Amino acid sequence: MIVGRVRVEPPVMNASGVVAASAAGALKVEGAGAGAVVTKTFTLRPRRGNKAPMVVPYLGGLINSVGLANPGIGGIREYVEEYRRLGGSLPIIVSIGGETPEEFGELAIAATDAGADAVELNMSCPNVSWTASWEDIASIVKESVAAAKAAGIPVWVKLGFGKGLLREVKAAVDSGADAVVLINTLPAMLIDVWAMKPVLGGVTGGLSGPPIRPIAVKAVWDAYREFGDSIDIVGVGGVDGWEAAAEFILAGAKAVQVGAALSVVGLDVIREIADGLLSYSKKVGRPLEELVGAVHRGLP
Ligand SMILES: Cc1cc2nc3c(=O)[nH]c(=O)nc-3n(C[C@H](O)[C@H](O)[C@H](O)COP(=O)(O)O)c2cc1C
């Protein structure tokens with residue numbers, strides 16, 4: 001499948017921040033049968049992230065308050081070079097987190113120079129202060145995509161679920177982004193009633209895994225219904241097997257990313273999804289490409 005101008009075959013990747021936070025982790029994702037790897041989000045400056053605990057299990061998924069811990073822009077080249085040196089051969093999607101459109105531009109140039117195949121603009125992390133301070137995300141999306149596109153490689157935009165989602169997707173379409181990645185974790189919090197304290201070191205965090213899947217499927221469905229084939233969609237949120245992946249594809253996604261399930265179920269889930277999608281497409285007698293968005297059309 002060609003997704004956002006990148007060949008992703010099979011159309012299954014890890015989600016940013018899960019397993020492939022290092023080049024060694026990316027190799028594990030490759031070994032598990034993914035069609036591309038997505039890096040942890042890189043910001044301009046190094047970030048230590050929040051206090052422990054950063055990740056806690058919840059209803060078959062996770063709540064995390066990692067807070068984009070990463071080595072900063074210099075880590076991008078190191079990551080890509082190390083992955084290639086160790087024999088990694090999949091397309092690399094470098095996730096970047098700018099605080100401003102200019103920073104997205106700078107990070108995209110670093111990713112391009114390092115040999116990345118695409119950048120994924122993380123515009124939706126609930127665990128950092130700047131995304132919360134953006135009053136008009138749609139206009140920031142527009143400016144950031146324009147800045148990142150100047151670097152030359154495909155630009156994917158990762159958005160979070162919210163009232164303004166379709167305006168943000170429209171901004172991505174209008175500014176020529178190659179794909180939208182829907183969705184990020186949902187803002188969440190857990191309280192320890194005996195300690196009378198928040199459970200997470202970062203106080204609040206982001207919910208992922210099966211509890212968010214119906215919300216993510218609806219986000220994909222909404223975006224496909226509104227924009228059809230004018231932009232490629234990558235579905236992410238609670239994919240824990242081929243059937244969940246098929247839901248996203250029928251709703252309009254060309255590929256899926258898997259986050260929480262890689263640690264809750266295990267890396268083998270990638271191959272189960274890839275094989276399961278293939279046999280599903282054979283059983284219904286349609287190539288996967290024809291199944292993208294099929295729920296909007298209904299199959300004869
Ligand atoms: C531990 C953890 C770390 C994450 N780090 C990032 C990150 O650095 N950048 C990003 O865009 N999303 C990050 N995410 C969000 C995932 O990429 C994904 O959008 C979300 O978890 C929903 O997918 P899932 O339900 O399959 O986990 C992280 C998620 C988890 C659980």
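Computed from a predicted structure; not experimentally measured. Just so you know, ligand 1 is whichever comes first in the structure, and atom 1 is the first atom listed for that ligand.
- For G238, the closest heavy-atom approach to ligand 1 falls below 4.0 Å.
- Among protein heavy atoms, atom 21 (O) of ligand 1 sits closest to S208 CB, 3.2 Å.
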Side chain to side chain donor-acceptor pair (under 3.5 Å) evaluation trace for E120 with S16: CA-CA 9 Å; E120 180 177 286; S16 176; 4.8 Å; no
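- We find the CZ-CZ distance between F42 and R77 to be 12.5 Å, quoted to the nearest 0.5 Å.
- The existence of a salt bridge linking R85 and E82 is confirmed by a sub-4.0 Å separation between a basic side-chain nitrogen and an acidic carboxylate oxygen.
- Between D275 and K282, no side-chain nitrogen of the basic residue sits less than 4.0 Å from a carboxylate oxygen of the acidic one, so the salt-bridge criterion is not met.
- At a heavy-atom cutoff of 4.0 Å, ligand 1 is contacted by both the backbone and the side chain of N184.
- For ligand 1 and L68, the ligand atoms under 4.0 Å from any heavy atom of the residue are 7 (C), 8 (O).
- Here the heavy atom of the protein found nearest to atom 28 (C) of ligand 1 is S16 O, 3.5 Å.
- One finds the CD1 atom of I153 at 9.0 Å from the CG atom of D113 (value rounded to the nearest 0.5 Å).
- Taking a cut-off of under 4.0 Å to the non-hydrogen atoms of I183, the atoms of ligand 1 that pass are 19 (O).
- Under a 4.0 Å N-O distance rule, the pair E168/K142 does not qualify as a salt bridge.
- With ligand atoms numbered from 1 in the order given, ligand 1 contributes 18 (C), 19 (O), 22 (C), 23 (O) to contacts under 4.0 Å with heavy atoms of V236.
- When the heavy-atom distances from atom 25 (O) of ligand 1 to A260, G97, G49, G209 are ranked, the shortest goes to G209.
- Checked for salt-bridge contact, R5 and D178 meet the test: a charged N lies under 4.0 Å from a carboxylate O.
- Using a 4.0 Å cut-off between charged side-chain N and carboxylate O, R225 and D222 make a salt bridge.
- The protein heavy-atom contact nearest to atom 29 (C) of ligand 1 is N64 ND2, 3.5 Å.
- For ligand 1, the atoms lying closer than 4.0 Å to a non-hydrogen atom of G259 are 24 (P), 26 (O), 27 (O).
- Ligand 1 has an N or O atom lying under 3.5 Å from an N or O atom of T41, backbone or side chain.
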Determine, step by step, whether E243 and Y280 satisfy the side chain to side chain donor-acceptor pair (under 3.5 Å) criterion, reporting the C-alpha distance in whole Å, the side-chain angles of both residues, the deciding distance to 0.1 Å, and the verdict. CA-CA 9 Å; E243 208 165 342; Y280 173 65; over 6 Å; no
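- Heavy atoms of A261 come nearer than 4.0 angstrom to ligand 1 in no pair at all.
- Every atom of ligand 1 is numbered from 1 in the order shown, and the set under 4.0 Å from a heavy atom of T185 is 15 (C), 20 (C), 21 (O).
- Taking atom 18 (C) of ligand 1 as the reference point, the nearest protein heavy-atom neighbour is K158 NZ, 3.7 Å.
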Take N122 and T41 through the test side chain to side chain donor-acceptor pair (under 3.5 Å) and record every step on the way to the result. CA-CA 7 Å; N122 178 2; T41 299; 3.1 Å; yes
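- For I212, no nitrogen or oxygen atom sits less than 3.5 Å from a nitrogen or oxygen atom of ligand 1, counting backbone and side chain alike.
- Scanning all protein heavy atoms for the shortest distance to atom 3 (C) of ligand 1 gives G17 O, 3.6 Å.
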Run the numbers on E226 and R167 for salt bridge (Lys or Arg N to Asp or Glu O under 4.0 Å), then give the verdict. CA-CA 10 Å; E226 194 74 14; R167 278 191 60 228; over 6 Å; no
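- The closest protein non-hydrogen atom to atom 8 (O) of ligand 1 is K40 NZ, 2.9 Å.
- Taking distance alone, with nitrogen or oxygen atoms compared against 3.5 Å, Q257 stays at or beyond that limit from ligand 1.
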